[in-house]
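Proteins get letters first, then strands, A, B, ... in listed order; numbering begins at 1 in each.
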Number of protein chains: 2
Amino acid sequence: MQKTLCQNCILQSDSAIKLIKNQLNDLTDHCSQVEFKPGEIIFKENAISTNVVYLKRGLVKIHTDNFSKDRILRLTKAPSYLCLPGVLGDSINRFSATTIEPTLACFIDIHVFKKFILENGDFAYQIILALSQNEIKSFQVSLNLAQKQANGRVADALLYFAREIYNSLVFLLPFSRQELGDWMGISRESVSRILGEFHSAHIIYQNGKEITILNEELLEQISQKG
Amino acid sequence: MQKTLCQNCILQSDSAIKLIKNQLNDLTDHCSQVEFKPGEIIFKENAISTNVVYLKRGLVKIHTDNFSKDRILRLTKAPSYLCLPGVLGDSINRFSATTIEPTLACFIDIHVFKKFILENGDFAYQIILALSQNEIKSFQVSLNLAQKQANGRVADALLYFAREIYNSLVFLLPFSRQELGDWMGISRESVSRILGEFHSAHIIYQNGKEITILNEELLEQISQKG
DNA sequence: GTGGTCATGTGATACATATCACAAATATCG
DNA sequence: CGATATTTGTGATATGTATCACATGACCAC
């Protein structure tokens with residue numbers, strides 16, 4: 001049964017495509033698949049992990065509550081590897097991963113994963129490309145946080161959901177106002193106020209978690225100007 | 001002459017160690033070494049690049065002036081690869097790199113670099129480890145920027161120089177107050193004021209660009225509390 | 001239904017930091 | 001060496017956002 005599983009993975013993952021036949025057998029033997037409901041924890045920071053997690057389906061937040069307050073660092077949408085770094089450097093997770101939509105995750109033994117990298121240059125190259133792109137995104141996040149003020153960050157977040165996650169100007173916000181604030185580094189109340197302003201100015205329509213972007217161009221300008 | 005060069009590189013770079021003999025010859029043929037004075041530009045954002053840059057010696061800032069104002073994203077200290085991402089994904093540099101201390105940089109043809117990854121799993125694995133560590137650092141930078149207020153960020157910056165760059169509590173700041181502000185996302189004036197406060201409180205001694213950390217523990221606390 | 005919990009909106013206030021304006025110190029260069 | 005530009009410090013003010021306090025609304029258990 002698992003054999004078919006990993007074959008299916010091929011269709012979704014650039015990296016998996018590069019795996020050659022006997023590596024796929026290895027994968028099948030050292031890979032287990034788990035279904036998560038929204039809000040479930042995939043792994044916790046400071047826990048030891050010996051797996052690389054590959055997301056087949058769903059949406060996950062990487063976060064930390066090191067400083068008593070929860071801070072959301074990034075969203076990761078399937079299909080994609082989930083935050084390799086913590087697993088590779090040492091075996092301790094530096095951050096927590098919690099699902100925010102129903103998610104299907106594949107746990108791959110880290111030794112098998114490492115073996116693939118060592119044996120298969122194509123696979124390694126795909127991983128390196130993915131990490132490189134992550135790094136550029138991280139830089140952009142840093143820019144946003146360091147430079148923009150609250151309304152620019154909220155505009156950013158809305159455009160991110162519309163463009164990167166849902167591919168639609170109409171979507172259901174998977175976050176509470178609190179979580180949105182934790183993500184963008186602003187307070188719950190400010191998020192409320194800013195969304196309210198956007199609503200009044202007909203830039204968006206909001207009804208609870210239901211969001212419609214009415215004036216994408218203006219929102220983009222607000223995001224740019226900060 | 002270049003042959004000896006690349007052999008020397010081996011001593012400094014984990015990745016290079018993993019290169020096998022005929023790959024070293026390749027490297028020697030497709031590698032050129034350049035000396036930079038402080039303040040010189042290694043590459044500029046939006047420029048096309050067909051090289052991976054490896055830093056043999058020196059200190060470099062990765063920055064962008066996309067938004068009319070200069071923003072410093074990261075410092076990279078030799079020995080290390082300099083910001084692979086922009087080069088690998090596409091061939092356009094997303095950010096600029098400017099030296100802040102005398103620097104010796106090695107330009108490696110990107111096709112040769114890619115060939116090494118494809119052919120040599122050990123090399124690829126080292127690159128992946130390095131990128132992974134970068135990612136964790138990026139996360140921490142995001143946390144700092146989103147969560148800490150100005151004095152915490154300045155404390156952070158001072159500890160960073162002392163610990164990561166100079167390995168000494170006494171050092172010469174390679175940045176102007178303006179640059180420090182550009183890096184931590186605060187204004188030049190605030191940097192001045194905060195350094196002044198630290199000085200008055202005997203947490204540091206400052207005399208122009210000359211900095212001495214007098215109370216590392218307290219500085220650490222300020223950094224933690226934000 | 002009722003009571004309880006949690007998420008949300010909104011006003012008043014406090015606080016941190018940017019901005020502006022200018023003076024002083026320092027570096028740069030002919 | 002002097003003239004000019006650049007960097008730095010510091011006060012006054014403006015602005016943005018956190019925080020506090022409380023009211024409202026949604027959801028859930030019983």
Can you name the atoms? Protein N/O to nucleotides 25-27 of chain D N/O, anything below 3.5 Å, with the distance.
none

Restricting to side chain to side chain contact (heavy atoms under 4.5 Å, CB included), what partner residues turn up for B:Ile186, sequence neighbours left out? B:Ala150, B:Arg153, B:Val154, B:Met184, B:Val191
Can you name the residues that form a side chain to side chain contact (heavy atoms under 4.5 Å, CB included) with B:Asn151, not counting sequence neighbours? B:Gln149, B:Ile194, B:Phe198, B:Ile222
Bend angle of the helix from C:dG1-D:dC30 to C:dG30-D:dC1 from five-pair axes at both ends, rounded to 10°? 50°
Which residues pass the side chain to side chain donor-acceptor pair (under 3.5 Å) test with B:Glu189, sequence neighbours left out? none
Phosphate oxygens OP1/OP2 of C:dA7: is one of them under 4.0 Å from a side-chain N or O of A:Lys209? no
Please list, chain by chain and in numerical order, all residues satisfying side chain to side chain donor-acceptor pair (under 3.5 Å) with A:Ser192, sequence neighbours excluded. none
Salt-bridged, A:Arg57 to A:Glu35, with N to O below 4.0 Å? yes
Under the salt bridge (Lys or Arg N to Asp or Glu O under 4.0 Å) test, residues paired with A:Glu40 that sit two or more places apart: none
With sugar-phosphate taken as primed atoms, P, OP1 and OP2 and all else as base, the protein-contact string of nucleotides 14-23 of chain C at under 4.0 Å (heavy atoms; B, S, -) is --SSSBBB--
Run the side chain to side chain contact (heavy atoms under 4.5 Å, CB included) test against A:Ser168 and tell me which residues pass, sequence neighbours left out. A:Val170
Output all residues satisfying side chain to side chain contact (heavy atoms under 4.5 Å, CB included) with B:Gln206, sequence neighbours left out; order by chain, then residue number. B:Arg177, B:Leu195, B:His199, B:Ile204, B:Ile211
Sequence neighbours left out, what passes salt bridge (Lys or Arg N to Asp or Glu O under 4.0 Å) with A:Glu220? Give chain and number order. A:Arg163
Contacts satisfying ring-ring contact (aromatic ring centres under 6.0 Å, His included) that involve residues 206-226 of chain A (not counting sequence neighbours) are none
